[in-house]
Novice: 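One structure, as structure tokens, below. Some questions next.
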Amino acid sequence: MKNVKWVEKDPKREDVFWPSEEMKKIAWESDPSIYEEALKDPEKFWVDRAKEGLDWFDDNFKKNFEWNPPYYKWFVGGKINASYNCLDRHIKTWRKNKAALIWVPELTEEHSRVLTYYDLYREVNKFANALKKLGVKKGDRVGIYLPMIPEVVIAMLACARIGAIHSVVFSAFSSDSLKARLIDAEAKILITADGYYRRGKPLSLKKNADEAVKGTKVEHVIVVKRLGEKINTEMNKDRDIWWEDAVKDVENYCEPEVMDSEDILFILYTSGTTGKPKGVIHETGGYLTQAYWTTKWDFDLHDEDIFFCTADVGWVTGHTYNCYGPFALGATILIYEGAPDYPNPDRWWDIIEKYGVTVLYTAPTAIRMFIKFGDEWVEKHDLSTLRILGTVGEPIDRDSWYWYFNKIGGGRCPVIDTWWQTETGGTLINSLPGIGPFIPGVAGKPIPGTKFAIYDEEGKEITEERYSGYLVHLAPFAPGMLRGVWKNPEKYKETYWSKYGDRIYFTNDGSMMYDKELKVIKITGRVDDVMKVAGHRLSTTEVEGVLTEHEAVAEAAVVGAPHEIKGEVPVAFVVLKGGYKPSEELKKELINLVRTKIGPTAKPENIFFGELPKTRSGKIMRRILRSLVHGEPVGDTTTLLNPESVTELEKQVKG
Ligand code: PRX
């Protein structure tokens with residue numbers, strides 16, 4: 001169905017849109033009473049959803065929701081396998097020959113690959129057997145460091161099939177970042193590729209992997225041949241094995257492991273407020289329930305839809321909406337390997353037109369980038385197959401929302417602004433396409449069966465309209481919520497369960513009740529030391545830690561500064577040790593150090609040298625640094641230990 005109007009404007013309210021009759025007719029969910037109904041008995045609601053949406057080996061749950069603050073479990077005693085739900089159950093139906101995955105390579109001269117559900121099933125079974133042959137058992141950790149190629153989801157589903165816990169590491173992360181994650185997870189196997197294309201150039205990935213596995217517990221490295229002859233890849237014959245060889249002499253079928261609902265499906269590392277990323281733990285049954293239902297509710301996927309979620313599988317969005325959610329649903333996804341502007345800034349629009357994408361899910365940072373490229377790149381393409389647009393990762397400003405809505409969606413498609421986190425496993429606050437409302441910059445209502453509130457500093461609920469406070473999630477927590485932090489229970493308690501006690505999940509986000517009548521929530525952004533750089537989560541402390549590793553650096557403070565496209569970028573203030581002088585070279589060296597130690601997203605946009613403003617007790621006044629990079633007044637500095645430092649830095653920042 002092309003060019004259908006899926007939304008209409010509220011006749012009375014500015015900036016408010018609702019689903020059209022056409023949308024309501026086809027949407028899986030169009031009855032607003034679902035919210036009230038679900039909250040009458042959320043436990044029962046989720047148990048019903050779990051049983052309705054998924055195939056269980058045993059759904060005789062001993063307990064629906066078990067709560068020992070700050071820990072909780074869902075569907076206790078249930079037996080399930082995620083790979084079985086994503087594959088086996090579909091190949092028993094007509095979906096056997098349906099496209100599960102359309103892969104679009106970056107090079108336009110290469111062909112796309114389409115894997116049907118049966119193709120995917122066969123590949124996953126074989127690779128699961130290959131992992132077993134290498135000694136991988138239930139509960140073992142497997143590192144996955146792959147670009148956006150079909151093998152990344154095959155590897156994830158193969159781990160899930162045999163009960164191994166995967167830890168996917170974004171392929172643009174440095175070898176140091178990968179190493180730290182492999183060590184923390186004590187991974188036994190690493191799956192990587194010889195390399196990948198970026199802006200048409202072949203880049204090695206294997207070299208990073210080789211560096212990273214040194215000194216870890218990784219016994220074998222499985223290598224996908226993506227570039228082949230295009231790159232020189234050295235293989236360590238006792239340790240490394242090509243993917244194609246690993247799957248050569250294995251059986252076509254691998255019995256799926258019967259997993260307990262609460263068995264771990266994966267860990268995914270994310271930045272917190274300390275220098276060390278933490279491994280967020282997600283289990284099987286609850287996560288899959290939320291993944292399945294939010295994919296169905298939010299993106300309203302039907303069998304005819306083609307879902308293009310632009311997130312890399314290295315992030316949680318890629319886990320839930322480029323793998324587990326859509327496959328559990330039997331949907332068709334499209335993944336694209338390369339840069340959004342290669343060979344031209346209209347690559348995404350070209351893909352949408354060529355494949356008839358119906359649902360697009362991306363981040364505000366990408367939208368801002370496309371706005372910059374100019375409308376002519378969009379106007380060249382027929383995007384009339386689109387029905388739903390989604391955004392995630394950071395607050396979206398009104399202008400970008402309208403550009404997305406009008407230019408990409410032709411003013412016909414709802415914009416689903418989904419708020420969630422690595423920790424929440426799936427989306428939690430957003431409007432549903434068949435229910436609405438759609439308002440620029442406003443996420444919407446908590447998904448059915450979940451409760452949120454906005455608290456002040458003392459933990460009192462704020463109910464007034466447009467009063468900012470802290471966003472908290474109340475019990476019973478959504479089934480896909482994290483179950484802990486890998487090998488770090490203290491971090492788990494401290495980050496989420498200390499501000500308001502161990503019975504209230506603190507999101508670390510600010511928010512407000514935007515409209516009391518519509519009951520919709522607006523998210524204002526992080527309230528901790530976490531930056532969102534081009535939608536990627538990054539801790540200021542992590543960057544500071546790398547800077548202070550340099551021999552010239554005595555002290556460093558990093559803050560997020562506003563950026564036109566990336567939303568936010570790290571800016572560093574550095575105090576040099578005696579004997580070292582500020583210079584352009586040193587600045588470049590430091591920027592490069594961060595790039596190689598963490599990855600390109602983390603590299604500071606700028607570095608200023610000087611003294612750091614401190615309180616009399618010696619605490620760095622980050623508030624002042626933040627004001628400086630935001631171009632805001634710094635306020636009263638007279639109580640500082642060194643007020644003159646501010647004047648000095650201000651001169652440099654204003655440049
Ligand atoms: O600050 C919120 C912001 O992204 C954070 C979570 O980041 P991450 O774990 O990387 O997961 C991103 C993808 C799920 C949140 O704490 N955030 C995410 N979605 C939105 C958002 N901020 C505003 N609006 C959103 N829709």
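Start at 1 and go down the list; that is how both ligands and their atoms are numbered.
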Novice: Between Arg398 and Asp15, is a salt bridge (charged side-chain N to carboxylate O under 4.0 Å, His left out) present by the stated rule, with each step listed?
Specialist: CA-CA 9 Å; Arg398 191 169 178 273; Asp15 283 346; 2.9 Å; yes
Novice: Checking side-chain polar atoms at under 3.5 Å, does Asn430 have a donor or acceptor matched by the opposite partner on Asp298?
Specialist: yes
Novice: Please check if any side-chain donor atom of Ser271 sits under 3.5 Å from a side-chain acceptor atom of Ser539, or the reverse.
Specialist: no
Novice: Is any NZ, NE, NH1 or NH2 atom of the basic residue among Lys597 and Glu544 found under 4.0 Å from an Asp or Glu carboxylate oxygen of the other?
Specialist: no
Novice: Kindly tell me which protein residues have any non-hydrogen atom under 4.0 angstrom away from an atom of ligand 1, grouped by chain and ordered by number?
Specialist: Val316, Thr317, Val392, Gly393, Glu394, Pro395, Asp417, Thr418, Trp419, Trp420, Gln421, Thr422, Asp509, Ile523, Arg526, Lys532, Arg537
Novice: Closer than 4.0 angstrom, basic N to acidic O: yes or no for Glu262 and Arg483?
Specialist: yes
Novice: Quick one: salt bridge (Lys or Arg N to Asp or Glu O under 4.0 Å) partners of Asp502, sequence neighbours excluded?
Specialist: none
